[in-house]
Protein chains: 2
Amino acid sequence: MPPDHDPGLGGAIVTRVLVVDDEPSILRALRINLSAREYDVTTAVDGTTGLAAVARDRPDVIILDLGLPDMDGTEVIHGVRGWTSIPIIVLSAWGQESQKVAALDAGADDYVTKPFGMDELLARLRAAVRRAAPAPDEPVVVTADFTVDLAAKQVVRSGGSPAGAPAGAPVRLTPTEWQLLEILVRNSGRLVSQKQLLREIWGPSYETESNYLRVYLAQLRRKLEPEPSRPRYLLTEPGMGYRFRP
Amino acid sequence: MPPDHDPGLGGAIVTRVLVVDDEPSILRALRINLSAREYDVTTAVDGTTGLAAVARDRPDVIILDLGLPDMDGTEVIHGVRGWTSIPIIVLSAWGQESQKVAALDAGADDYVTKPFGMDELLARLRAAVRRAAPAPDEPVVVTADFTVDLAAKQVVRSGGSPAGAPAGAPVRLTPTEWQLLEILVRNSGRLVSQKQLLREIWGPSYETESNYLRVYLAQLRRKLEPEPSRPRYLLTEPGMGYRFRP
DNA sequence: GCGGAGCGTTAAGGATCCGTTAGGACCGCT
DNA sequence: AGCGGTCCTAACGGATCCTTAACGCTCCGC
């Protein structure tokens with residue numbers, strides 16, 4: 001596991017952090033450290049503008065100082081928790097036991113006392129974001145003839161092509177057939193070499209058994225293709241490998 | 001919101017805490033304080049018995065001391081995170097910055113340094129449990145033949161199919177049968193691998209005992225399916241797992 | 001033309017997996 | 001102690017799947 005947070009593929013997935021604090025020095029330190037680690041940072045200096053920023057920017061996580069000039073920290077927490085469950089990490093001076101308890105019970109997710117180590121704060125940040133991530137989303141691939149649901153591990157017919165099968169009917173795939181289809185669909189549009197397929201399904205010692213691929217490709221085509229003899233989705237690239245065309 | 005944790009309706013829902021620590025004094029203090037607040041407490045004195053206790057007791061939350069005699073704390077965390085996402089609160093001596101980061105990145109949910117205030121620990125405990133609560137989902141699943149109420153842990157017959165049983169009659173399920181049904185219904189439509197089922201019901205060391213699943217699936221089908229020999233709801237995907245179709 | 005390589009198709013044997021049943025162990029209760 | 005309920009374990013027939021081999025086809029280079 002990489003020690004730093006996931007930078008995302010192509011930089012598309014950036015974690016957005018809202019820092020609510022009235023001390024310029026802390027604001028500055030956090031902005032520098034978080035930006036350096038590819039977080040998207042926005043800031044607010046009091047509770048009122050903080051709440052407005054939450055509603056406007058929808059950050060992925062909130063770092064909240066309890067000692068704000070305009071309102072009590074727990075009020076801010078309640079104001080956020082009233083309508084969302086965005087993780088909140090609370091920042092506060094040392095030794096305020098009861099304040100800690102109140103903040104956590106108000107709905108805060110974590111608590112860090114000042115002075116704090118930046119590494120620790122970053123680690124807690126990663127933990128909070130990781131917890132909030134609902135799931136490694138469910139990819140669904142749809143074609144004119146069938147639909148592949150990777151999460152449910154299921155294929156359903158879209159437009160009953162082979163011999164008028166009813167739309168919405170599930171297609172029964174064996175474990176090996178499913179593995180093969182999953183790899184091809186996950187590399188949708190890209191060419192996958194036979195060696196890679198054989199290695200991922202049967203193991204490294206089967207890299208030359210291209211026979212297996214021909215057998216299972218034929219079975220998959222018979223179950224999925226409108227015209228198995230002239231494939232529209234599961235294409236062969238002679239001498240190279242196979243490709244799924246959406 | 002009440003300052004103390006939810007006592008549950010009728011006392012049926014009790015939060016179960018596993019404490020893994022080798023210092024008798026801390027063990028004793030936690031046991032007293034947690035029991036007084038109506039938590040169900042079990043303990044373990046090293047990593048090995050701790051991991052075994054997790055698999056056996058399925059606590060709702062784990063309090064883990066990093067300074068164990070037999071293994072490194074992060075190893076314990078990895079051992080737990082390998083198969084479940086039960087919240088883990090880590091306990092450790094003051095000033096071990098790098099240890100904190102390692103534990104949090106290994107998958108711990110929170111971190112408390114010794115000496116700690118009992119009030120703070122309790123607050124963090126409540127926060128961890130609250131976060132783990134999946135949400136007030138839709139706790140009722142209805143089919144043409146029976147209705148599953150996740151919240152009430154009850155199944156009632158809808159259209160008295162097997163041998164003219166009256167509609168509305170409750171179906172008696174054993175604890176194991178209920179666990180199995182609950183997991184399948186919560187993943188409604190999705191395929192659940194037998195390894196996952198075995199892990200969540202019997203623990204990670206039973207991942208190969210697919211025998212159990214066959215026995216209990218048969219019992220569930222006999223109680224719920226109109227035609228147990230040709231299942232409409234509890235489907236088998238040979239070699240892959242089982243699926244509940246609504 | 002001719003032969004080989006790569007691919008598609010089919011079928012059969014053997015291995016694996018599943019449904020079902022039954023009996024004994026273990027627990028809580030009367 | 002007796003009893004009902006639940007859980008674990010083993011065994012067996014049957015269904016399903018994997019492996020393997022064989023054959024026809026097309027596309028090349030020779």
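The chains referred to below are lettered A, B, ... by the order of the sequence lines, with proteins before strands, and numbering in each begins at 1.
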Reckon A/Thr236 touches a base, only the sugar-phosphate, or nothing at all at heavy-atom distances under 4.0 Å? sugar-phosphate
Just verifying a value: how many Å separate B/Leu64 CG and B/Asp109 CG, rounded to the nearest 0.5 Å? 11.5 Å
Closest nucleotide among D/dA22, D/dC8, D/dT6 to the B/Thr174 side chain: D/dT6
Rounded to whole angstrom units, what separation is found between the CG atom of B/Leu197 and the P atom of C/dC17? 16 Å
Test A/Asp145 against A/Thr143 for side chain to side chain donor-acceptor pair (under 3.5 Å), laying out the working first. CA-CA 5 Å; A/Asp145 293 294; A/Thr143 76; 5.1 Å; no
Tell me the interatomic distance from A/Lys195, atom NZ, to C/dG6, atom P, rounded to whole angstroms. 14 Å
Can you measure from NZ (A/Lys100) to CG (A/Asp105) and round to the nearest 0.5 angstrom? 13.5 Å
Selection from D/dC17, C/dT10, D/dC8 that lies nearest to any side-chain heavy atom of A/Pro175: D/dC17
Just checking A/Tyr206: base, sugar-phosphate only, or nothing, at a heavy-atom cut-off of under 4.0 Å? nothing
Nearest-angstrom distance from the residue atom NZ of A/Lys223 to P of D/dT16: 11 Å
Would you tell me if any nitrogen or oxygen in the side chain of B/Trp202 comes within less than 4.0 Å of OP1 or OP2 on D/dC7? no
Would a 4.5 Å heavy-atom cut-off, applied to side chains only, mark B/Ile183 and B/Leu181 as touching? no
Between C/dG8 atom P and A/Leu180 atom CG, what is the distance in whole Å? 12 Å
Measure from CD on B/Glu227 to P on C/dG19 and round the result to the nearest Å. 16 Å
Given D/dC7, D/dA21, C/dC18, which nucleotide is nearest the side-chain atoms of A/Val215? D/dA21
Classify the nucleic acid contact of A/Arg172 as base, sugar-phosphate or nothing, counting any heavy atom under 4.0 Å across all strands shown. sugar-phosphate
Just wondering, more than 12 heavy atoms not from B/Met71 lying within 6.0 Å of its CE? yes
When you get a sec, tell me which of D/dA11, C/dC18, D/dT19 is the closest nucleotide to the side chain of B/Asn211? D/dA11
Given D/dC8, D/dT19, C/dT9, identify the nucleotide with an atom nearest to the side chain of A/Ser229. C/dT9
Take atom CG of A/Leu198 and atom C1' of D/dC18, then tell me their distance rounded to the nearest Å. 15 Å
With the side chain defined as heavy atoms from C-beta on, B/Arg214 is closest, among D/dC18, C/dT10, C/dC18, to C/dC18
Whole Å only: how far is the CG atom of A/Leu235 from the P atom of C/dG8? 11 Å
Phosphate-side-chain proximity, A/Arg222 and C/dT9, N/O vs OP1/OP2 below 4.0 Å: no
Quick one: is C/dT9 close enough that its OP1 or OP2 comes under 4.0 Å of any side-chain N or O from A/Gln219? no
Residue B/Tyr242, side-chain heavy atoms: nucleotide from D/dA10, C/dG19, D/dA21 that is nearest: C/dG19
Once you round it to whole Å, what is the distance between P of D/dC8 and CG of B/Leu213? 11 Å
Salt bridge (Lys or Arg N to Asp or Glu O under 4.0 Å) assessment of B/Glu23 paired with B/Lys114: CA-CA 12 Å; B/Glu23 297 180 40; B/Lys114 294 190 285 193; 3.1 Å; yes
A/Tyr216 vs C/dG8: side-chain N/O to OP1/OP2 distance below 4.0 Å: no
When all nucleic acid strands are considered with a 4.0 Å heavy-atom cut-off, which category describes B/Glu177: base, sugar-phosphate, or nothing? nothing
Ranking A/Leu173 and A/Glu209 by the position along DNA chain D of their nearest nucleotide, the one closer to 5' is A/Leu173
